[in-house]
J.: 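Have a look at this one before I ask anything.
Indexing begins at 1, ligand by ligand and atom by atom, following the structure's order. A quick note: this is a predicted structure, and the numbers were derived from the prediction, not measured.
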Amino acid sequence: MNNKTELRALFAAGLLGFAGFAFAHGDVTPQKVETKGLSPLGEEWVDENPYRAPSEDHDRAVEIGSSAYNQNCARCHGLEAISGGIAPDLRELEASYDGDEWYKERVINGAVRDGAVYMPRMADYLSQEALWAIRTYIESEAAKR
Ligand code: HEC
């Protein structure tokens, strides 16, 4: 191995190690979500998915939520909302007031136990419009089952 390939191998190993570390600690950098076109909801969290009813908002929410989900949730909850077993399958959450309540609780507070971050507080990084759009996308995937 010449110096260059050796360096490259070391670099790749370092990156892999880093990814493993970041994952284990739930230390991810959420990606900004563009929510233009969705009805704005203000600062205060609403209690129920405001984009659930069939409407233009609903259709836009599914579209925006799809890419937002894949960028911010899929690495733990699975591509296309199909859990690979690392984290709960979000399609199981009922599309109802109760389901919304638990969804909201988790995205706002994350899952932190004994100082370990199993799921980051996603609402610190993403707007409630983005998070309800993600919820709407997950519901549309659940309906396909
Ligand atoms: C770093 C991994 C990770 C990321 C990223 C992540 N989650 Fe989670 N999530 C988890 C884990 C692990 C749990 C289970 C928490 C527990 O053990 O109590 C969970 C639980 C949940 C729950 C509760 C599900 C249930 O059935 O109890 C919801 C809702 C949720 N996540 C939504 C999201 C959404 C929406 C995103 C993206 C915006 C997201 N999560 C990003 C790891 C993650």
Side-chain angles (χ1 to χ4, degrees), residues 6-145:
E6 199 164 19
L7 261 180
R8 229 179 262 141
L10 274 174
F11 184 60
L15 273 184
L16 282 176
F18 175 75
F21 174 83
F23 183 78
H25 292 76
D27 184 11
V28 292
T29 311
Q31 301 298 304
K32 223 178 147 36
V33 176
E34 176 58 72
T35 55
K36 211 161 56 192
L38 277 178
S39 294
L41 304 171
E43 286 292 305
E44 195 85 8
W45 271 77
V46 299
D47 289 328
E48 241 178 308
N49 183 355
Y51 306 133
R52 178 170 292 138
S55 61
E56 271 180 40
D57 251 350
H58 169 88
D59 298 345
R60 251 181 245 125
V62 172
E63 208 172 291
I64 290 170
S66 166
S67 80
Y69 173 88
N70 282 308
Q71 286 184 54
N72 293 292
C73 322
R75 66 178 146 262
C76 295
H77 289 283
L79 281 174
E80 298 181 342
I82 302 167
S83 170
I86 298 168
D89 192 309
L90 298 180
R91 297 171 304 168
E92 303 284 341
L93 268 189
E94 213 182 293
S96 67
Y97 183 85
D98 287 350
D100 286 347
E101 205 173 28
W102 187 231
Y103 178 83
K104 194 173 137 179
E105 149 73 24
R106 270 300 186 231
V107 297
I108 291 174
N109 297 313
V112 183
R113 279 190 297 274
D114 302 326
V117 178
Y118 295 95
M119 172 173 155
R121 296 183 168 87
M122 301 307 293
D124 287 358
Y125 309 97
L126 303 176
S127 66
Q128 76 156 317
E129 285 85 353
L131 285 162
W132 286 121
I134 290 171
R135 170 91 167 120
T136 310
Y137 160 72
I138 294 166
E139 287 172 12
S140 78
E141 288 301 308
K144 288 181 190 165
R145 289 207 286 179

J.: How many angstroms lie between atom CG of Leu41 and atom CD of Gln128, to the nearest 0.5 angstrom?
T.: 4.5 Å
J.: For Arg113 and ligand 1, does the shortest N/O to N/O distance drop below 3.5 Å?
T.: yes
J.: If you look at His77, which of its N/O/S atoms is nearest to atom 8 (Fe) of ligand 1?
T.: NE2
J.: Which atoms of ligand 1 have any heavy atom of Ala111 under 4.0 Å away?
T.: 15 (C)
J.: Which of the listed options, Met119, Arg135, Arg106, holds the heavy atom that is closest to atom 18 (O) of ligand 1?
T.: Arg106
J.: Is there a side-chain contact between His77 and Met119 (heavy atoms, below 4.5 Å)?
T.: yes
J.: Could you work out, for atom 14 (C) of ligand 1, the closest of Ala87, Pro88, Gly99, Ala68 by heavy-atom distance?
T.: Pro88
J.: What are the atoms of ligand 1, with element, lying closer than 4.0 Å to any heavy atom of Asn72?
T.: 5 (C), 37 (C), 41 (C)
J.: Can you tell me how far CZ of Arg106 sits from CZ of Arg121, rounded to the nearest 0.5 angstrom?
T.: 11.0 Å
J.: If I compare all heavy atoms of Ala81 with all of Asp89, which pair ends up nearest, and what's the gap?
T.: O-OD1, 3.3 Å
J.: Provide the closest heavy-atom pair for Val112 versus Asn109 in the form atom of the first, atom of the second, distance.
T.: CG2-O, 4.3 Å
J.: Do Val33 and Asn72 come close enough that some side-chain heavy atom pair is under 4.5 Å?
T.: yes
J.: May I ask you to check whether Tyr103 has an N/O atom sitting below 3.5 Å from an N/O atom of ligand 1?
T.: no
J.: Val107 heavy atoms, cut-off 4.0 Å: which ligand 1 atoms fall inside?
T.: 35 (C)
J.: Judged by non-hydrogen atoms, does Met122 sit under 4.0 Å from ligand 1?
T.: yes
J.: Would you say Trp102 and ligand 1 have an N/O pair spaced under 3.5 Å apart?
T.: yes
J.: Please state which part of Val117 comes within less than 4.0 Å of ligand 1, counting heavy atoms only: side chain, backbone, both or neither.
T.: neither
J.: Return a yes/no value for Tyr118: is any of its N or O atoms, backbone included, closer than 3.5 angstrom to an N or O of ligand 1?
T.: no
J.: Run the numbers for me: atoms of ligand 1, each under 4.0 Å from some heavy atom of Cys76, listed by number.
T.: 1 (C), 2 (C), 3 (C), 4 (C), 5 (C), 42 (C), 43 (C)
J.: Quick check on contacts: which atoms of ligand 1 are under 4.0 angstrom from a heavy atom of Leu93?
T.: 29 (C)
J.: When you measure from the heavy atoms of Leu131 to every atom of ligand 1, does any distance fall below 4.0 Å?
T.: yes
J.: Out of curiosity, Arg52 CZ to Thr136 OG1, how far, rounded to the nearest 0.5 Å?
T.: 7.5 Å
J.: Does Leu131 offer a backbone N or O that forms a donor-acceptor pair with the side chain of Tyr103 under 3.5 Å?
T.: yes
J.: Would one find more than 12 heavy atoms of other residues, nucleotides or ligands at under 6.0 Å from atom CD of Glu80?
T.: no
J.: Considering only heavy atoms from C-beta outward, does the side chain of Met122 approach that of Pro120 to under 4.5 Å?
T.: yes
